[in-house]
Amino acid sequence: MVSVNSSIYYKSTFVLTGLEENDPTDIWIPILICSLYGVMTLGNISILYIIKTKPSLHSPMYYFLSVLAATDLALSMTTMPTMFSVFLLGSREIHIDACLCQVYFLNMFTIMESGVLLAMSVDRFIAIWNPLRYFSILSKSTFLRIGLFIALRAIVLILPEPLLDRQLPFCRNNVLTHPWCLHQEIIKLACVNVNVHSYYGLFVVSNMMSDAVLVVLSYILILRVVLRIASRSERSTTLSTCVSHIWAVLLFYVPIILLSVLHRFSNVVPPLTHKVLAYIFYLMPSLMNPIIYCMKTRQIRAGYEHIFRKLQMFWKVFFKLPTTFPG
């Protein structure tokens with residue numbers, strides 16, 4: 001640390017924490033963490049593999065799903081190094097540059113996921129509103145332009161955050177309350193006026209909230225179209241194509257809305273509540289989205305069944321197991 005005066009310091013490291021100040025060292029914690037990230041990684045890679053290898057899934061709906069899976073995979077890879085460092089290795093210190101790098105990628109992929117969910121809701125609206133022109137409206141070139149816009153928006157929108165945070169001096173402790181770095185926590189440790197940083201963070205959150213409003217508007221329009229369908233069975237079939245996406249939207253937006261509300265009442269809400277919600281927000285979508293799409297989408301489920309059959313054949317051939325398992 002380089003001293004500026006008797007009370008202000010430019011810290012070079014931060015200290016990460018887990019759910020509690022003194023996390024237990026039981027063996028189940030490393031097992032749980034490894035299992036969590038294993039399921040996240042395999043689930044999202046499987047989604048990408050299934051969509052790539054099945055020509056019948058080469059349509060805008062599944063292209064957007066593949067982008068969602070890739071974003072979830074990248075988001076989980078962003079939190080993985082510090083989660084492993086804290087819970088598996090017991091190493092809690094992180095250099096400020098590495099911390100700010102994590103802040104950038106964490107927020108960038110979060111903004112990207114918000115944009116992808118919005119694009120998927122528009123995709124569902126077009127498919128239901130005008131199915132005959134679906135492929136002409138959402139052509140491959142249109143999909144690429146939408147994907148490029150989503151990526152560029154996230155890259156440019158988040159870039160000022162770590163650059164602003166890097167200039168902050170600190171006069172408080174350097175202990176963060178999560179096993180990853182967050183922009184909101186870093187600026188709380190600063191000993192100068194951080195109104196600009198806070199307002200910019202609010203601007204970033206407002207972008208995600210505007211995405212959420214547009215998603216709701218898309219589903220209002222979808223309901224208007226569906227209610228015009230005379231047959232009840234056709235209504236049910238049409239809406240069933242949106243179920244997986246609705247769950248993905250709820251998993252993403254509900255925790256961030258709750259976190260924003262609780263942030264306003266941080267003095268009366270237990271700190272553990274903030275921590276648990278942060279874990280849900282940053283980990284659950286990456287974990288649950290592949291499971292939801294496997295359960296609710298027949299084509300993805302069939303792809304998973306095909307993968308499991310291949311694995312079973314591999315197991316039988318290389319380990320010479322019987323053709324059927326007992327029970």
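Side-chain atoms are counted along with the backbone in the values below, which use heavy atoms only and exclude waters and symmetry mates. For this chain, numbers begin at 1 and follow the sequence in order.
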message: With a 4.5 Å cut-off on side-chain heavy atoms, are R145 and S141 touching?
response: yes

message: Starting from V192, can I reach V196 by hopping between I/L/V/M/F/W/Y residues whose side chains sit under 4.5 Å apart?
response: no

message: Working note: C101 + Y104, criterion side chain to side chain contact (heavy atoms under 4.5 Å, CB included); need CA distance, chi angles, decisive distance, verdict.
response: CA-CA 5 Å; C101 184; Y104 176 75; 5.8 Å; no

message: Under 3.5 Å, is there a donor on one side chain and an acceptor on the other for T297 and Y62?
response: no

task: Working to the nearest 0.5 Å, report the span between CE of M120 and SG of C242.
output: 10.5 Å

field: CA sep, side-chain torsions, deciding dist, call: I307, I50, side chain to side chain contact (heavy atoms under 4.5 Å, CB included)
entry: CA-CA 9 Å; I307 291 174; I50 291 167; 3.8 Å; yes

message: Which residue is it: F84, Y279, F87, F14? I am looking for the one with a ring pair (Phe, Tyr, Trp, His ring centres under 6.0 Å) to W180.
response: Y279

- prompt: Under 6.0 Å between ring centres, would you say that holds for F125 and Y219?
  reply: no

statement: Between D211 and R153 the two heavy atoms that sit nearest each other are OD2-NH2, 2.7 Å

- line: All heavy atoms of C34 vs all of L88, minimum pair found to be SG-CD2, 3.7 Å

- prompt: Run the side chain to side chain contact (heavy atoms under 4.5 Å, CB included) check on M40 and L283 step by step: do they pass?
  reply: CA-CA 9 Å; M40 280 191 219; L283 300 180; 3.8 Å; yes

- prompt: Got a second to check how far S76's OG is from L287's CG, nearest 0.5 Å?
  reply: 9.5 Å

message: Contact between V103 and I186 at the side-chain level, heavy atoms closer than 4.5 Å - yes or no?
response: yes

Heavy-atom closest pair, residues S66 and L48: O-CD2, 3.1 Å

- line: Rounding to 0.5 Å, atoms OG1 (T238) and CG (L223) come to a distance of 11.5 Å

field: Donor-acceptor pair between D123 and Y134 side chains, under 3.5 angstrom
entry: yes

message: When you compare the side chain of M80 with that of T41, does any pair of heavy atoms fall below 4.5 Å?
response: yes

field: Interatomic spacing from CG in L202 to CG in N207 - rounded to 0.5 Å
entry: 10.5 Å

- prompt: Is there a chain of hydrophobic side chains (I, L, V, M, F, W, Y, each step under 4.5 Å between heavy atoms) that links I146 to L214?
  reply: yes

- prompt: Would I222 and V213 show up in the same hydrophobic cluster when neighbours are defined by side-chain heavy atoms closer than 4.5 Å?
  reply: no

Neighbour count above 12 (heavy atom, 6.0 Å) for R301 CZ: yes

field: Backbone of G43 reached by a side-chain donor or acceptor of Y304 within 3.5 Å
entry: yes

field: Test item: T17 and V175 side chains (from C-beta on) under 4.5 Å apart, heavy atoms
entry: yes

query: Does the side chain of V243 reach to within under 4.5 Å of the side chain of L239, using non-hydrogen atoms?
result: no

task: Output yes when a side-chain donor or acceptor of H197 lies under 3.5 Å from a complementary backbone atom of L164, and no otherwise.
output: yes

Shortest non-hydrogen separation from T71 to M112 and the atoms involved: CG2-CB, 4.1 Å

task: On the 0 to 90° scale, with breaks at 30° and 60°, tag the F281-F252 ring pair as parallel, tilted or perpendicular.
output: tilted

- request: Search all heavy atoms of S286 against all heavy atoms of D72 and return the closest pair with its distance.
  value: OG-O, 3.1 Å

field: Side-chain donor/acceptor of H178 to backbone N/O of A278, under 3.5 Å
entry: no

query: Between L75 and L106, is any pair of side-chain heavy atoms under 4.5 Å apart?
result: yes

- request: Give a yes or no on whether M284 and L182 share a hydrophobic cluster (residues Ile, Leu, Val, Met, Phe, Trp, Tyr; joining criterion: side-chain heavy atoms under 4.5 Å apart).
  value: yes

field: N/O donor-acceptor pair under 3.5 Å between Q102 side chain and C181 backbone
entry: yes

query: Is the shortest heavy-atom distance from the side chain of E93 to the side chain of N174 under 4.5 Å?
result: no

query: Under 3.5 Å, is there a donor-acceptor pair linking the side chains of S85 and T82?
result: no

message: With a 3.5 Å distance limit and no angle check, can you tell me whether S114 reaches the backbone of I111 through a side-chain donor-acceptor pair?
response: no

field: Check: G303 main-chain N/O paired with Y49 side-chain donor or acceptor under 3.5 Å
entry: no

message: Tell me if the NE2 atom of H306 is crowded by more than 12 foreign heavy atoms within 6.0 Å.
response: no

query: If you round to the nearest 0.5 Å, how far is OG of S121 from CZ of F64?
result: 9.5 Å

query: For Y282 and T78, does a side-chain donor sit closer than 3.5 Å to a side-chain acceptor?
result: no

query: What pair of heavy atoms forms the shortest contact from R166 to L100, and how long is it?
result: CD-CD1, 3.3 Å

field: Test item: M288 and W247 side chains (from C-beta on) under 4.5 Å apart, heavy atoms
entry: no

- prompt: Any chance the side chains of H183 and N107 put a donor and an acceptor closer than 3.5 Å?
  reply: no

Full working for side chain to side chain contact (heavy atoms under 4.5 Å, CB included) between I158 and V204: CA-CA 8 Å; I158 300 301; V204 171; 3.7 Å; yes

task: Using the rule that two of Ile, Leu, Val, Met, Phe, Trp, Tyr join whenever any of their side-chain heavy atoms come within less than 4.5 Å, decide whether F308 and V39 are in one cluster.
output: yes

N289 side chain vs P285 backbone, donor-acceptor pair below 3.5 Å: yes

message: So, taking the atom named CH2 in W129 and the one named CZ in R224, what distance separates them when rounded to the nearest 0.5 Å?
response: 12.5 Å

